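Predicted model only: the values in this text are computed from it and were never measured. By convention in this document, chain letters (A, B, ...) are assigned in the order of the sequence lines, proteins followed by strands, and residues within each chain are numbered from 1.
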Amino acid sequence: MASERDFNEVISGLAKKRGFYWGPSPEIYGGSSGFYDLGPLGKLLKNRLESVIRSSFVRSNFWEVECPTVSPEIVWKASGHLDGFMDPLTQCTKCDQVYRADNLIEEHSNDASLKGLSLDEMTKKIEELGIRCSACKSELGPVQQHNLMLKTKLGLDQDAYMRPETATTTYLLFKRFLTFFRDKLPASVFQIGKAYRNEISPRQGMLRLREFTQVEGQIFILEEDEMNWPQFEDIKDVELPLLAYQVQEKGNEKVSMVKMSEAVKKGYFQKPAYAWCVWLAYEIFRGMGFTNENMRLRQHLLNERAHYAADAWDVEIQTRSFGWVECCGIHDRGNYDLTRHQEFSKERMSVKVNKQPVVPNVLEIAFGVERPLFCLLDNSYAEDEERNWLKFPPPLAPVQVAIFPLMGKPELLTPAQEIFNAVLDSGLVTQFDRGGSIGRRYRRQDEVGTPFCVTVDYDSLEDSTVTVRDRDSMEQVRIKREELVETLHKLVKGTILFASLAK
RNA sequence: GCGGCCAUAGUCUAGCCUGGUUAGGAUCGUAGCCUUCCAAGCUACUGAGCCGGGUUCAAAUCCCGGUGGCCGCACCA
């Protein structure tokens with residue numbers, strides 16, 4: 001198998017060639033890194049992932065909302081992103097090398113008390129400690145901030161920002177949710193939408209984008225309900241591939257399959273409701289085609305956690321291009337966000353518990369769609385001596401069925417066209433292909449992961465059957481014409497397996 | 001952002017050092033012929049020197065700047 005870097009080139013080459021994604025966008029003007037276009041197949045695949053995500057959330061009683069992607073500055077002051085989302089940077093006055101000021105100070109002082117200095121204080125500290133550019137030994141300039149949010153203006157002069165996450169915009173609706181949910185907590189909502197991060201220098205293609213689609217599910221919940229979460233009963237015997245931080249601290253990277261009830265007992269999870277969120281994230285990723293073989297749940301080490309996070313686990317996916325890739329965060333955000341918005345907006349963000357106002361906590365599942373999209377491509381790629389193909393689970397495949405006449409003769413073309421129209425009308429994404437040899441057409445479909453191909457041959461004219469060919473085994477069975485549409489639907493949904501037809 | 005390397009059809013690539021004809025090949029694609037199930041063959045065709053500037057009679061080729069990619073550093077809520 002190709003090395004890691006080469007493998008990424010295989011995947012992105014295939015993605016470009018067959019229309020999964022293109023970029024950096026806008027290509028004809030040279031492109032800006034961190035931006036990609038989805039081609040027809042990529043968009044289909046993304047839609048499938050999103051619909052898996054949607055139905056998982058809806059089945060778990062979450063309600064979908066959609067908020068604007070631009071919000072005025074006050075929102076991001078309140079959320080902490082205007083301060084916390086900034087990197088304090090200092091630049092060499094001579095060679096323009098850029099350093100992260102807080103890291104620099106920490107390295108040179110070994111003094112943990114120096115966290116949280118202001119910009120001016122950091123500038124002074126660098127001078128005091130005599131820190132110079134490690135490349136050319138020249139003086140460093142004043143500490144400035146690089147904000148990871150993209151700034152814009154509303155009207156003539158109101159500062160505003162593109163949202164760096166959808167979560168905050170969801171929290172702003174809390175009062176409305178209380179009415180909608182008739183004052184009952186826990187209340188669960190989710191949002192799928194664009195978010196923007198002005199990364200200094202994004203690399204690794206689809207894995208670090210400046211504009212990407214975020215999925216964020218939120219549960220507004222009171223503390224006692226976090227401890228008493230009935231749905232946990234349903235999953236207590238489910239085993240998840242876990243890597244807790246206690247295990248990692250012992251220098252161990254070994255994932256173990258742990259029953260959820262066991263994980264709570266061991267103290268990996270403090271709260272059953274939070275543990276359930278980790279399970280839900282896992283379930284969503286299983287729906288997106290990942291398995292215990294290529295997925296793990298890793299708990300953040302204490303120093304990895306974000307400004308709002310009381311506990312944090314990630315879903316990580318193993319790829320052949322980049323090793324383990326962090327794809328989803330499950331956060332216990334406490335009541336940090338609602339408290340802050342209450343403070344800044346002067347609006348009540350609490351509910352009454354025993355006549356006392358209580359600001360509820362938030363549990364969050366957050367991920368970008370593009371990462372699992374890439375990981376799925378990466379994990380689905382297969383090749384042997386004669387062909388390469390994408391072994392998408394049939395329900396996720398962008399193109400679901402392809403229809404061919406065995407040869408481009410009118411007597412086969414016409415019935416093949418009719419079948420194509422019927423299958424297309426039935427709601428499957430279907431392609432018709434009459435070009436080149438039959439083998440070549442199978443290979444084309446293999447390369448984009450189409451799970452089933454239907455071929456109309458001369459026998460079809462006699463006995464009204466067609467052959468259905470399976471992508472992974474390359475085997476084929478004859479199916480009666482009148483059963484074709486229904487059979488294809490079952491195959492694509494995965495309610496029957498091709499192997500069960502093959503006898 | 002910094003440094004090193006790099007940029008030619010959809011994809012892979014030759015030519016660049018040593019400036020000079022219609023920028024060559026492979027593959028993919030398209031149309032047709034042939035072909036009764038896994039990239040066969042034949043014929044024809046489409047399609048390219050990242051962008052901008054400079055040097056020169058002449059630039060894919062030399063020089064400068066920008067953009068993008070890879071690697072290292074830094075960054076990645």
Aromatic [Y] / basic [X] pairing, under 6.0 angstrom, 45° off normal:
X        : Y        : result
A:Arg296 : A:Trp324 : yes
A:Arg469 : A:Tyr442 : yes
A:Arg210 : A:Phe35  : no

Applying a 3.5 Å limit to both distances, which nucleotide forms a Watson-Crick or G-U wobble pair with [N]?
N     : value
B:G68 : B:C6
B:U21 : none
B:G49 : none
B:A60 : none
B:G1  : B:C73
B:C16 : none
B:U35 : none

[M] and [N], which share atom name [atom1], separated by this distance in whole Å:
N     : M     : atom1 : answer
B:A59 : B:C12 : C1'   : 25 Å
B:C17 : B:G1  : C1'   : 33 Å
B:A31 : B:G25 : C1'   : 23 Å
B:C71 : B:G65 : P     : 24 Å
B:C28 : B:A23 : P     : 24 Å
B:G49 : B:C2  : C1'   : 29 Å
B:C62 : B:U56 : C1'   : 10 Å
B:U11 : B:C51 : C1'   : 22 Å

Round to a whole Å and report the spacing from [atom1] of [X] to [atom2] of [N].
X        : N     : atom1 : atom2 : result
A:Trp389 : B:A39 : CH2   : P     : 14 Å
A:Phe212 : B:C76 : CZ    : P     : 15 Å
A:Phe20  : B:U11 : CZ    : P     : 16 Å
A:Asn198 : B:G1  : CG    : P     : 10 Å
A:Ile28  : B:A9  : CD1   : C1'   : 17 Å
A:Arg18  : B:U27 : CZ    : P     : 17 Å
A:Glu9   : B:C70 : CD    : P     : 9 Å
A:Asp314 : B:C76 : CG    : C1'   : 13 Å

Are A:Trp389 and A:Tyr381, when compared by the centres of their aromatic rings, separated by less than 6.0 Å?
no
A:Phe285-A:Phe367 aromatic ring centre distance below 6.0 Å
yes
Out of [options], which has the shortest distance to the side chain of [X]?
X        : options             : value
A:Ser33  : B:C38, B:G69, B:C71 : B:G69
A:Glu199 : B:G3, B:C38, B:C76  : B:C76
A:Tyr458 : B:C71, B:G68, B:U36 : B:U36

Looking at every non-hydrogen atom in both residues, tell me the closest pair between A:Phe374 and A:Ser321 and how far apart they are.
CZ-OG, 3.7 Å
Is there a donor on the side chain of [X] or the base of [N] sitting less than 3.5 Å from an acceptor on the other?
X        : N     : result
A:Arg469 : B:C38 : yes
A:Thr467 : B:C37 : yes
A:Asn388 : B:A39 : yes
A:Tyr442 : B:C37 : yes

On the 0 to 90° scale, with breaks at 30° and 60°, tag the A:His331-A:His300 ring pair as parallel, tilted or perpendicular.
perpendicular
Whether A:Phe220 and A:Phe174 hold their rings parallel, tilted or perpendicular, with breakpoints at 30° and 60°
tilted
salt_bridge(A:Lys17, A:Glu447) N-O dist < 4.0 Å:
yes
Can we say A:Glu386 and A:Arg443 salt-bridge, meaning some charged N sits less than 4.0 Å from an Asp/Glu carboxylate O?
yes
Using a heavy-atom cut-off of 4.0 Å across all strands, would you classify [X] as base, sugar-phosphate, or nothing?
X        : result
A:Arg441 : nothing
A:Gly31  : sugar-phosphate
A:Glu27  : nothing

Quick check on RNA chain B: between A:Asp459 and A:Lys16, whose nearest nucleotide comes earlier from the 5' end?
A:Lys16
Could you check A:Tyr29 against A:Asp457 and say which one's nearest nucleotide on RNA chain B is further toward the 5' end?
A:Asp457
Give the B/S/- string for nucleotides 29-35 of chain B, one per nucleotide from 5' to 3', where a protein heavy atom under 4.0 Å of the base yields B, of only the sugar-phosphate yields S, and otherwise -.
SS-S--B
For B:G32, decide between syn and anti, treating a glycosidic angle within 90° of 0 as syn.
anti
